[in-house]
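In each ligand, atom 1 is the first atom listed, and ligand 1 is the first ligand listed. The model shown is predicted, which means the values in this text are computed figures rather than measured ones. In this chain, numbering begins with 1 at the start of the sequence shown.
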Amino acid sequence: MDHFLYRDGALFAEDVPISEIAAAVGTPFYVYSTATLLRHFKLFDDALEGTDHLVCYAMKAASNQAILKTLAQAGAGMDVVSGGEYLRAKAAGVPGDKIVFSGVGKTAEEIRTALTGGIRQFNVESEPEMQVISAVAQELGVIAPITVRVNPDVDAKTHAKIATGKSENKFGIPISRASEVYALAASLPGLEVIGIDVHIGSQLTELDPFELAYNKVAELTERLRAEGHTIRRLDLGGGLGIPYTRSNDAPPLPVEYGAMIKKTLGHLGCEIEIEPGRLIAGNAGLMVSKVIYVKSGEGRDFLILDGAMNDLIRPAMYEAHHDIVAVEEPAAGVEQQPYDIVGPVCESGDTFAKQRNMPPLKSGDLIAFRSAGAYGAVMSSEYNTRPLIPEVLVHGDQFAVIRERPSFDEIINRDTIPEWL
Ligand code: LLP
């Protein structure tokens, strides 16, 4: 459920008409609903009720300061994957002891930043990384709390570009090598081993792969404890999928996911951490765009939008489907017609949808891409010198621009000219 509904024939974000935001900020833009963000966070928090837990929002999904602050004020921790994300989380007021640091390639500099500012734990992905964390911690005179990310070799049954839990992926250490790697961790003076981490992929639409992985984590917990390690925290990653279409086969709900976690891992007495990104932000955001031209091609009509692949790359990159709706609600019974919906960037890949049924549209009409809150704005670029589009946050009947559209001068002046020119 989200808070983008039609009222009296017009699409609203909570209590604000989308057309009013478009008039104020221009198109294209991203708009997020505070109520939806909070609702999704609470679904996870409630799903783990009764267990010691922390929901660490995977901020790579949408990392605007205002979004982070909204979630942090509700009690969320953060999962970060770079020094930049760490600093963003801190700037939004998240305390270090609620920030976990994931990612395969943390540099010594990033590790230093996190150890200096305070960190809940590093999720370590390799032996060399473990050695660097220990060395930096020693240099700073602190002890770094760590988990080791294990790769359970399960098929997440998701898009190949976002599956991470098979042995051929670059992530984690093979679960079969865990004893060896934990022994090394225990021997390093700058580290304190506190648990195990696992994350098998994103946009998972079934619970089975999670359950397979978590059962392996349960076994591993017992084995490592028998080998003398303290395992008191289990970080279970993110990955629960969202409905991108309004069909009946929706992915499992957070409450079902939570029940499965309790069933597979509850007996171990560990603190549970999860890192959802997409499910919190995905359906809490729209990208709104305007039709520039309707172009009749051979056997097909194109809707040429002012939004493009640089603003929302998911369709070009993952063949992802986003529902696209007219901001003005189509009259009941209006006949739909198929359009190829494209942006103005000079690549055929700049296609959002092919032969998508839409109500008849004309130049100047507004349309909205649903489910664009996660991996939308954060993956955008200025390709074709198209300015990053603004982000807007709605809260009841209020809205605020939370990232401005840069001017062309700002973009151009970021370049510097060498003196020989
Ligand atoms: N934890 C770790 C270690 C991750 O790598 C990820 C996502 C998450 C948590 C959050 O997963 P989520 O709950 O959002 O599924 N750009 C792609 C998605 C990439 C996901 C990368 N890792 C897309 O647009 O579909």
Side-chain angles (χ1 to χ4, degrees), residues 30 37 40-41 43-44 47 54-63 67 71 76-82 85-86 89 99-106 120-126 129 147-152 156-166 169-173 196-207 209-210 213 234-244 251-254 257 261 273-285 287 309 311-322 352 369-381:
Y30 279 99
L37 286 167
H40 290 162
F41 168 70
L43 287 178
F44 279 114
L54 184 66
V55 179
C56 292
Y57 168 59
M59 62 180 271
K60 61 160 77 71
S63 59
I67 293 175
L71 292 168
M78 297 290 154
D79 170 48
V80 309
V81 290
S82 69
E85 282 196 351
Y86 176 86
I99 303 177
V100 304
F101 203 144
S102 302
V104 283
K106 305 172 198 80
R120 180 175 177 81
Q121 100 239 356
F122 292 97
N123 294 330
V124 177
E125 300 228 12
S126 66
E129 184 196 27
T147 69
V148 176
R149 175 168 176 183
V150 293
N151 186 326
K157 300 186 198 148
T158 184
H159 191 285
K161 283 190 186 152
I162 52 177
T164 55
K166 285 290 284 172
N169 300 127
K170 68 181 174 184
F171 300 97
I173 57 124
I196 304 173
D197 171 45
V198 70
H199 169 81
I200 57 172
S202 193
Q203 186 55 15
L204 271 68
T205 52
E206 294 168 32
L207 284 186
F210 286 117
L234 301 177
D235 182 328
L236 304 176
L240 192 58
I242 63 171
Y244 275 98
L253 301 172
Y257 175 66
I261 290 175
E273 214 167 68
I274 54 170
E275 303 168 348
R278 189 189 309 267
L279 203 147
I280 291 180
N283 280 324
M287 183 179 84
M309 64 190 290
D311 305 311
L312 177 64
I313 191 101
R314 302 194 69 261
M317 191 155 174
Y318 314 108
E319 297 88 38
H321 171 99
H322 286 265
F352 291 116
F369 289 78
R370 289 192 175 274
S371 315
Y375 308 110
V378 285
M379 292 181 78
S380 58
S381 75

Interfacing atoms of ligand 1 (cut-off 4.0 Å, heavy-atom, D79)
1 (N), 2 (C), 9 (C)

Could you check whether any side-chain heavy atom of S102 comes within less than 4.5 Å of a side-chain heavy atom of R149, counting everything from C-beta outward?
no

Among all the protein's non-hydrogen atoms, which is closest to atom 1 (N) of ligand 1, and how far away is it?
E275 OE1, 2.6 Å

With rounding to the nearest 0.5 Å, note down the distance linking OG1 in T164 to CD1 in I200.
7.0 Å

Give me the nearest non-hydrogen protein atom to atom 21 (C) of ligand 1 as residue plus atom name, then the distance to 0.1 Å.
K60 CD, 3.8 Å

Against heavy atoms of P276, which atoms of ligand 1 measure under 4.0 Å?
13 (O)

What protein heavy atom lies closest to atom 19 (C) of ligand 1? Include the residue and the distance to one decimal.
I162 CG2, 3.7 Å

Test of proximity, S202 against ligand 1: N or O pairs below 3.5 Å
yes

Roughly how far apart are I274 CD1 and L240 CG, rounded to 0.5 Å?
8.5 Å

Any non-hydrogen side-chain atom of F101 less than 4.5 Å from a side-chain atom of I99?
no

Whether the N123 and T147 side chains hold a donor-acceptor pair (N or O, under 3.5 Å, no angle test) is what I'd like checked.
yes

Mark up the atoms of ligand 1 that fall under 4.0 Å of a heavy atom belonging to G239, in ascending order.
11 (O), 12 (P), 13 (O), 15 (O)

A58 heavy atoms within 4.0 Å reach ligand 1 at atoms 8 (C), 9 (C), 10 (C)

Between R149 and ligand 1, does any nitrogen or oxygen pair lie at a separation below 3.5 Å?
no

Under 4.0 Å from a heavy atom of R278: which atoms of ligand 1 are those, numbered in the order shown and with their elements?
12 (P), 13 (O), 14 (O), 18 (C), 23 (C), 25 (O)

Protein heavy atom at shortest distance from atom 8 (C) of ligand 1:
H199 CE1, 3.4 Å

Under 4.0 Å to a heavy atom of M379 - the qualifying atoms of ligand 1, by number:
16 (N)

Could you find the nearest protein heavy atom to atom 16 (N) of ligand 1 and give me its residue, atom name and distance?
Y318 OH, 2.8 Å

What is the nearest protein non-hydrogen atom to atom 20 (C) of ligand 1, stated with its residue, atom name and distance?
Y375 OH, 3.6 Å

Heavy atom under 4.0 Å from ligand 1: found in R314's side chain, backbone, both, or neither?
side chain

When rounded to the nearest 0.5 angstrom, what distance separates OH in Y375 from CD in Q203?
10.0 Å

Y86 meets the ring-ring contact (aromatic ring centres under 6.0 Å, His included) criterion, sequence neighbours left out, with none

If I take atom CG from residue N151 and atom CG from residue D197, how far apart are they, to the nearest 0.5 angstrom?
11.0 Å

Check whether E125 reaches the backbone of G172 with its side chain - one donor and one acceptor, N or O, closer than 3.5 Å.
yes

Is there a polar contact, in the sense of an N or O pair closer than 3.5 Å, between L240 and ligand 1?
no

Close N or O approach (G277, ligand 1; < 3.5 Å):
yes

K106/E129 under salt bridge (Lys or Arg N to Asp or Glu O under 4.0 Å): CA gap, chis, key distance, verdict:
CA-CA 7 Å; K106 305 172 198 80; E129 184 196 27; 2.5 Å; yes

